[in-house]
2 protein chains.
Amino acid sequence: MREHHTEMTGHHTLRSTEEAVGDRLGGLNLDFEAMWAVSNIYRASTAIRNHLEQTVLRDTGLTWTGFVVMWVVWIWGESETRHVAKEAGIAKGTLTGVLKTLESHRYVRRAPNPADRRRVMVTLTSSGERLMRTLFPQFNQEEAFVVKELDSQRRRALAASLRVVVQHLEGTVRP
Amino acid sequence: MREHHTEMTGHHTLRSTEEAVGDRLGGLNLDFEAMWAVSNIYRASTAIRNHLEQTVLRDTGLTWTGFVVMWVVWIWGESETRHVAKEAGIAKGTLTGVLKTLESHRYVRRAPNPADRRRVMVTLTSSGERLMRTLFPQFNQEEAFVVKELDSQRRRALAASLRVVVQHLEGTVRP
DNA sequence: GAAATATTGTTCGGGACCAAATCCTTGATG
DNA sequence: CATCAAGGATTTGGTCCCGAACAATATTTC
C-alpha cells in the first residue's frame, strides 16, 4: 500500500486521516483491512449523500429521507407503511413524521386499508409522481458522476461486494 | 399469523427490491451500474451502522455520532472543533450539540484556545480515553464480522474503490 | 364468545442534524 | 485609533431519528 502525499495543504484529507490512524493504532492488534473497508463505506455514503443533497435535492424542498421514502413508494406502488419504513431504512415512528411532512407538501397521501383498519397505505399524488419523473433521471445522472472514476468492472464488483455485506448482516438473526 | 399482503411481493429482500426497480424502470435510459453501486453503498452503510449500534454501542449510552466524534478526537488528539466536525462529517452547529451531550457524560472537555479566543479545543477526559480503549477493539471485531464473507483481496478492492469515489467527490470544488 | 395475545401506526421525549441568523473575536483598512 | 470585514463558535427553527409507551384493531386460545 503505497501512499504518498500529493500536497501538504495543512488540511486533513482522506489520506492523512488514514495515516493518523496508522500512527495512533499501529501497535495494536487490529483487523485493518476490515477497518478500512468499513470506514470507507461510511465515508463514501456521507460524501454521496451530501453531494446529492447539494445537487439534485437542493431546490426541491425535499430532504434526503423524504426523497428515499418517495422513491420507495414510486418503485413499489401503493404500499403499507411498515414496508416503506423497512425499505427506506428508518424506524416506523420516524416514517410517521416524514409522511406528515410529505403530506403537507401534497406529494403523498395516506389511505386506510379497509380490510385491516390497523394498516395504512401510502400512495404518491399525481404531483408527487410528476416530481419523481423529473427528479429521478437527474438523480441517476449524479449517481453516474459519483462513480465516474471507476470502470464498469469495478462498479459491478463494488456493488457485488456490498450486496454480500448487506445480505450477511440482514441474514444474521438477532435474538 | 401469516402475512396476507400477498402474492408476488412476498418478502422484501435486497434481491426483490432490485427486481422491482428493474420492473419499474426497465424501459428508461438509465445508468443501472451506477445506480446499483451507489444504492448499495447507502444500503450497506445503513446496515453496518444499525449493526454496530445494536452490538458495540448498545449499552454504552453513546450514539453513533457521539462515538464517531470521540473517535476523531481520540485519533487526532486535542483538536479544533472545526476540524472535528469536518472529520466526523457533520455540520459545525450539530457538533456544538453533540459536544454538549458528550460533556454532560464527562467524556470530553472543551478548552478555549488562549491564542485566539474565537477557537475552541476539544480533548478526551481520562474517562473518555478509557472508554475508547475498551470500546474500539470491540468495534473493530464487529467490523471484521461485517466483512467476514469477503476475502482479503475483495476487502482491499472495496476500500480502494470507495476511496476513489470519496476523493472524486471531495476533490470536486463546488461553486 | 370472551379473554388473552399480537400486530399496526401514532405519540412522545431526547438527541442528531442542517442552514441561516447571531454573537464574539481578530485582522485589515482608512 | 476606529471602523469594518472576515472568521470563529453558538443559537434557532424545522426536520429527522430512534426506542418505548400507547391505543386501536385483529387473531388465537380457552
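The model shown is predicted, which means the values in this text are computed figures rather than measured ones. In the text below, chain A, chain B and the rest are named by the order of the sequence lines, each starting its count at 1.
The side chain of A:Ala91 approaches D:dC18 more closely than any other nucleotide in the set D:dG7, D:dC18, D:dA9. Of all nucleotides listed (D:dG8, C:dT25, C:dA16), C:dA16 comes nearest to the side chain of B:Thr65. The B:Thr63 side chain lies nearest to C:dG15 when the options are D:dA24, C:dG9, C:dG15.
Judged by distance alone, the side chain of A:Ser79 and the main-chain N or O of A:Gly77 form a donor-acceptor pair under 3.5 Å. Judged by distance alone, the side chain of A:Thr101 and the main-chain N or O of A:Gly97 form a donor-acceptor pair under 3.5 Å.
Distances shown here put a side-chain N or O of B:Arg110 below 4.0 Å from the OP1 or OP2 atom of D:dT10. Close to C:dA19, at under 4.0 Å from its OP1 or OP2, lies a side-chain N or O of A:Gln54.
The residue among A:Arg117 and A:Gly66 whose nearest nucleotide of DNA chain D is located toward the 5' end is A:Gly66. Taking for each of A:Asn113 and A:Lys92 the nucleotide of DNA chain D with the nearest heavy atom, the 5'-most of the two is the partner of A:Lys92.
For DNA chain D, the neighbouring residues in residues 98-106 of chain A, judged by any heavy atom under 4.0 Å, are A:Val98, A:Thr101.
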Tabulate atom names and distances for all N/O pairs under 3.5 angstrom spanning the protein and nucleotides 12-14 of chain C.
none

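Going from atom CG of A:Asp116 over to atom P of C:dG9 covers 9 Å, rounded to whole Å. Rounded to whole angstrom, the span from the CZ atom of A:Arg49 across to the P atom of D:dC16 amounts to 10 Å. As a whole-Å value, the separation of A:Arg118 CZ from D:dT25 P is 10 Å. Per the geometry, CZ belonging to A:Phe67 stands 19 Å off P belonging to C:dC18, to the nearest Å. Straight-line distance from the CG atom of B:Leu62 to the C1' atom of C:dG15: 13 Å, rounded to whole Å. With rounding to whole Å, B:Lys86 atom NZ is found 13 Å from D:dA9 atom P.
Side-chain contact annotation: B:Arg156 with B:Ser152, donor-acceptor N/O pair under 3.5 Å present.
At a cut-off of 3.5 angstrom, the base of C:dT8 holds no donor-acceptor pair with the side chain of A:Arg119.
Ring-centre distance between A:Trp64 and B:Tyr42: below the 6.0 Å cut-off.
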inquiry  = I'd like to know whether B:Trp71 forms a ring pair (Phe, Tyr, Trp, His ring centres under 6.0 Å) with B:Phe139, so could you lay out the CA-CA distance, the side-chain angles of the two residues, the decisive distance to 0.1 Å, and finally the verdict.
reply    = CA-CA 11 Å; B:Trp71 181 83; B:Phe139 202 86; 8.6 Å; no

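Between B:Lys86 and B:Glu80 there is no salt bridge, since none of the side-chain N atoms of the basic residue sits less than 4.0 Å from a carboxylate O of the acidic one.
Because its NZ or CZ atom is not both nearer than 6.0 Å to the ring centre of A:Trp36 and within 45° of the ring axis, B:Arg155 does not count as a cation-pi partner of that residue.
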